[in-house]
Amino acid sequence: LSITGALALRKLRLMSSEQLKNVVLAGFRGWSRERLDAMGRRLYEHELRPFLRAAALDELGRRRAAGFTPILISGAFDFFLRPFCLEYGIEICASTRVAFEGELCLGHLEGAEVRGALKGGVLRDLYPGGDVDWDGSCAFGDELSDLPVFEMVGEPCLVNHPMRSVPLCPNLRFVAW
């Protein structure tokens, strides 16, 4: 199955996001970790960094200055997010991982895609001792699938989303950057 065919199936909701990611990764089977990381850096430089919003980066800086520990939990590939985390000092990142044997890419995911309800479980697993002030914590997300994380924190924020009310999360704040 080609990537174009997989994208069409995904658009028609006949293929899950996780299945699409595995189709994409099949093209990287046999690549070295170094080569995949280099591609991630190029993608970050050309496809993500130019679209980062100054207001979002300012908010990240304000939260850090206020004593928050930034954590990134995303369904994006780990090799794509790593450069962002390095540039902005985000030490804790849970993302969709690529499977490797030694230094060679196996062409599929390692474990499940970090998405939806799994994000809340991943966040809880990062702090198994429960030594977190969840009510004093905040979370920023751009999809309704982030609700499991929003429900865990005292200050949930939905960013650049067209909805203006979510009955399942009444304290949700809507942010436009």
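The model shown is predicted, which means the values in this text are computed figures rather than measured ones. Just so you know, residue 1 is the first one in the sequence shown, and it goes up from there.
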**Prompt:** Would a 4.5 Å heavy-atom cut-off, applied to side chains only, mark L158 and R173 as touching?
**Reply:** no
**Neighbour count >12 (heavy atoms, 6.0 Å) for atom CZ, R13** = no
Any salt bridge linking [X] with [Y]? Criterion: basic side-chain nitrogen under 4.0 Å from a carboxylate oxygen.
X: E113; Y: K21; value: yes
X: R49; Y: E87; value: yes
X: R63; Y: E59; value: yes

I'd like to know if the side chain of [X] reaches the main chain of [Y], judged simply by a donor and an acceptor atom lying under 3.5 Å from each other, with no hydrogens or angles considered.
X: S137; Y: V153; answer: no
X: D146; Y: D142; answer: yes
X: R97; Y: F79; answer: no

How close do [X] and [Y] get, counting heavy atoms only, and between which atoms?
X: C157; Y: V175; result: CB-CG2, 3.8 Å
X: G116; Y: P148; result: O-CG, 3.7 Å
X: L123; Y: M152; result: CD2-CE, 3.8 Å

**Request:** Run the numbers on W31 and F100 for ring pair (Phe, Tyr, Trp, His ring centres under 6.0 Å), then give the verdict.
**Result:** CA-CA 9 Å; W31 280 33; F100 283 86; over 10 Å; no
**Message:** Quick one, R115 with E143, criterion side chain to side chain contact (heavy atoms under 4.5 Å, CB included). Give me CA distance, side-chain angles, the key distance, then yes/no.
**Reply:** CA-CA 10 Å; R115 191 171 166 85; E143 297 180 356; 3.9 Å; yes
**Prompt:** So L52 and F84, side chain to side chain contact (heavy atoms under 4.5 Å, CB included) or not? Walk me through it.
**Reply:** CA-CA 10 Å; L52 295 176; F84 172 79; 4.0 Å; yes
